[in-house]
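Structure record follows, encoded as structure tokens.
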Amino acid sequence: MLTIVLVMLLTLLVGVAVLAYVAFPHRGEDLPVLPQAGHLARKGVESLPVLEEEEQEQWLPTRR
């Protein structure tokens, strides 16, 4: 029972984090309560690799 409760709490926390990111930093706004969290989220996303348009075409399946 404890395991189920912990997994549900973890799932809830991840969901809240995703919702908070989509609602504020993704649109370029700061979080009202924790602006530092928004800066950390933006910094983390900016550090991820991004495919350029030419590279995307290489990885997308061809249409028939």
Side-chain angles (χ1 to χ4, degrees):
M1 183 72 173
L2 179 63
T3 305
I4 293 172
V5 171
L6 291 176
V7 169
M8 291 299 290
L9 285 174
L10 179 65
T11 304
L12 181 65
L13 289 174
V14 169
V16 168
V18 168
L19 182 64
Y21 174 73
V22 169
F24 294 101
H26 181 67
R27 296 186 304 169
E29 300 177 13
D30 286 333
L31 288 167
V33 179
L34 294 171
Q36 298 87 359
H39 293 296
L40 287 174
R42 260 190 244 117
K43 186 189 266 187
V45 170
E46 290 171 357
S47 68
L48 293 173
V50 177
L51 290 176
E52 298 299 329
E53 190 171 331
E54 299 84 27
E55 295 172 323
Q56 287 179 3
E57 292 172 0
Q58 183 181 25
W59 291 99
L60 290 174
T62 58
R63 295 185 182 185
R64 295 178 191 196

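These numbers were taken from a predicted model, which means no experiment stands behind them.
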By side-chain contact (heavy atoms from CB on, under 4.5 Å), which residues pair with V5, not counting sequence neighbours? L9
Starting from I4, walk the hydrophobic network (Ile, Leu, Val, Met, Phe, Trp, Tyr; side-chain heavy atoms closer than 4.5 Å) and list everyone else you reach, by chain and number. M8
Side-chain hydrophobic cluster, 4.5 Å single linkage: members besides V7: none
Each residue besides L2 in its hydrophobic cluster should be listed here, by chain and number; the cluster joins Ile, Leu, Val, Met, Phe, Trp and Tyr at side-chain heavy-atom distances under 4.5 Å. L6
Members besides L13 in its Ile/Leu/Val/Met/Phe/Trp/Tyr cluster (side-chain heavy atoms under 4.5 Å): none
